[in-house]
Asker: 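My questions all concern the structure below.
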Amino acid sequence: MFQDRLRTILAPAVQAAFNDCFGQSPDAGSIGFQPTRPEFEGDTTINVFPFLKLSGKGPEPTAQAVGEHLVKHVGEVARFNVVKGFLNIVVADAYWLGFLNEAAGTDILKFTPTGQKMMVEYASPNTNKPLHLGHLRNIFLGWSVGRILEAAGNEVVKVQVVNDRGIHICKSMVAWRMYGNGETPATSGLKGDKLVGKYYVAFDKAYKAEVAGLIAAGEPEADAEKKAPILLDAQDMLRRWEANDPEVRMLWATMNGWVYDGFNATYARVGVGFDKSYYESNTYLLGKEDVLKGVENGVFFRKADGSVWVDNTPEGLDEKVLLRADGTSLYITQDIGTAIQRFVEFPGLSRMIYTVGNEQDYHFKVLFLILKKLGFSWAPGLFHLSYGMVDLPSGKMKSREGTVVDADDLIDEMVAEARSTGEQLSKLDDLGEQEKQALFEQIGLAALKYFLLKVDPKKRMLFDPKASIDLQGHTGPFIQYTYARIRSLLGKAGVQAEPPGQVPSANASLLPEEKAVIKGLHQFPAVLNEAATKLDPSAMANHTYELVKAYNTFYQTVPVLKEEDASKRALRLAMSAAVAATTKKAMWCLGIEVPERM
RNA sequence: GAUCCCGUAGCUCAGCUGGAUAGAGCACCUGCCUUCUAAGCAGGCGGUCGAAGGUUCGAAUCCUUCCGGGAUCGCCA
């Protein structure tokens, strides 16, 4: 709706200018508008260098001629100046005021429905260990992408896939039976996922001890690693699980139940949820039929031993096995089956987005290629939202080496940090403890989420636990603070409703600080559009920061409530309200809440 | 060995569909609370945009090579 509204006015006008002045015009799309650099006067700038062949003149006369034509024919263009090949255009204040008037009455980040339905898978935890910082990046990213797509007018189905079966959970089960003494979350006071994680670690410790013992007894290392009794127990447990052994299934269901309670507590705390959860125990046998069908159709081939393969060498990839010689399936087989199942279950999905770390780039390339070869019409709508690892100063997080940053602990620390800062400032002394705690949760989570979301998803990022996450500067709390300050201002002015109504337009003239804020608002729809197109919350995060920064400068230098001129006061209140509403929506898109005071 | 990602200020990151003198935050230094919330504002310090070539009127941005970091290439998940 508001996207590039200035462009839709100016681009044809520039074309007309070229036509009238030089007899030919550039393509509308080739005209680049860029923000005018602050050292020159202007709002938007056109570089005429690319069009000198059309004009047959030098850069300055070309820009001059176009500028004069624009001023004469386009009401929105107030004046211009030319510096080298750059045509700096000053847009009339009336245009900005007109935009503000429209924006004041609507949500500029609500797009018209596209009619498209999309699925975003944004969590895929294993049930043998608690969530850590890497999971948080994954979850926040995918959740935010879902929100952004919703804001952009799409229907979004949010799902997780739980890796609830396999050797990893059997390891925890074996260890719990050996060392657990019947311990439960209730008896131990431990969160369920933490409890099960504890026994996974216990398994690893016992396993290593047994291996060491075998090696000491003269066993070669490679054999020792395969023969350790506790590992054999786990493998036996897995076989019994597959054979539906009631006792094993019972233990498995119990321990997974503890883990889900733990996960759900964390999900609830960070404010995310799922429309549907898939469990690997229900889907791990899928895909086999589809692969066999592919063999019949000649998409796949069999080797002499009976195993089934796909040949991706023509596409620059490798051959990949899809079914073992004994007919059992592999991870990718299952992924083929679940993808197909999802499109059956949710007909009309135009896209399916997998939020998974970049270590699986190759896997998804292969998976998507296979589904394309199988001829599914929806295959082009598959997308791997790949993100970089979160590194510690010491390098990669490794669960076995105990260098993971636990999600719950980290959230606790952030909330404690927010509390410590908040209590020091003592602006909130009149709040009850419960209200305070809720507020510090909001702030701590905002700091954490913003920290993880402001970085380009595909880049690796560094987290230094010792340095902790800032609450000042380019942070979530900074944005929250700006919002709270505006809400307070509006409250004092008696403008509580979020659209404050009409702005006195027409002849008002804008201060630079006012115009900067309105321009920030003006470009926001394009920002959402960009974020939705690129599936990139960082674009949204960074522009929100730019907007509130511009607002803070305005706030600090221009009076609002103390302004005596009623129309100026109304204008500034309207601006403030629009910034608050847009900020709130933008933060919603990031999955971050915004407080009424702080 | 092959493929992919990344390299911008002391640190963490923007900018990358080619455009003017490369921007923020943190840290460090200076100012600003008897005026709408100082988790703020204004200013200072800080850069061979990994290196070298190339394309171009113009390159942090595109191409090539090299260096450095990471990931993947399993009848694991």
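Only a predicted model underlies this, so the values are computations on that prediction, with no experimental measurement involved. Naming convention: chains lettered A, B, ... in sequence-line order (proteins, then strands); numbering from 1 in each chain.
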Asker: Using a 4.0 Å heavy-atom cut-off, write out nucleotides 59-64 of chain B from 5' to 3' as B (base contacted by protein), S (sugar-phosphate only) or - (no contact).
Answerer: ------
Asker: Would you please say whether a donor-acceptor pair under 3.5 Å links the side chains of A/N163 and A/N126?
Answerer: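 Yes, because at least one side-chain N or O of A/N163 sits under 3.5 Å from a partner of the opposite role on A/N126.
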Asker: Detail all sub-3.5 Å separations between protein N/O atoms and N/O atoms belonging to nucleotides 18-22 of chain B.
Answerer:
unit_1 : atom_1 : unit_2 : atom_2 : d
B/G19  : O2'    : A/N47  : ND2    : 3.3
B/G19  : N9     : A/N47  : ND2    : 3.2
B/G19  : N3     : A/N47  : ND2    : 3.4
B/A20  : N6     : A/T45  : OG1    : 3.1
B/A20  : N6     : A/N88  : OD1    : 2.8
B/A20  : N1     : A/N88  : OD1    : 3.4

Asker: Listing request: all salt bridge (charged side-chain N to carboxylate O under 4.0 Å, His left out) pairs with a residue in residues 441-450 of chain A, at least two apart in sequence or in separate chains.
Answerer: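 Qualifying pairs: A/R269-A/E441.
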Asker: Can you see whether A/Y279 has A/R165 sitting over its ring - NZ or CZ less than 6.0 Å from the centre and within 45° of the normal?
Answerer: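 Output no; distance or angle outside limits.
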Asker: State which residues pass side-chain hydrogen bond (donor to acceptor under 3.5 Å, both in side chains) with A/N128; sequence neighbours excluded, sorted by chain then number.
Answerer: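 By the side-chain hydrogen bond (donor to acceptor under 3.5 Å, both in side chains) rule, A/N128 matches no residue at all.
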Asker: Enter syn or anti for the glycosidic conformation of B/C33, syn applying to angles within 90° of 0.
Answerer: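 Syn for B/C33; the angle stays within 90° of 0.
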Asker: Dot-bracket, RNA chain B: Watson-Crick or G-U, under 3.5 angstrom, [ ] crossing, | other strand?
Answerer: (((((((..((((.....[...)))).(((((.......))))).....(((((..]....))))))))))))....
Asker: Give, for atom CZ of A/F22 and atom CG of A/L52, the distance between the pair rounded to the nearest 0.5 Å.
Answerer: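 Answer for the CZ-CG pair, A/F22 versus A/L52, is 9.0 Å.
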Asker: Answer yes or no on whether A/K320 is positioned over the face of A/W309, meaning its NZ or CZ is under 6.0 Å from the six-membered ring centre and within 45° of the axis.
Answerer: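 That pair does not qualify as a cation-pi contact.
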Asker: Detail all sub-3.5 Å separations between protein N/O atoms and N/O atoms belonging to nucleotides 3-12 of chain B.
Answerer:
unit_1 : atom_1 : unit_2 : atom_2 : d
B/G7   : OP1    : A/K459 : NZ     : 3.3

Asker: Is A/R137 close enough and on-axis enough to A/Y387, meaning under 6.0 Å and within 45°, for cation-pi?
Answerer: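 A/R137 over A/Y387 ring: no.
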Asker: Hey, does A/D305 reach any base, or is it just sugar-phosphate, or nothing, if we go heavy atoms under 4.0 Å?
Answerer: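 Base, at least one base atom sits under 4.0 Å.
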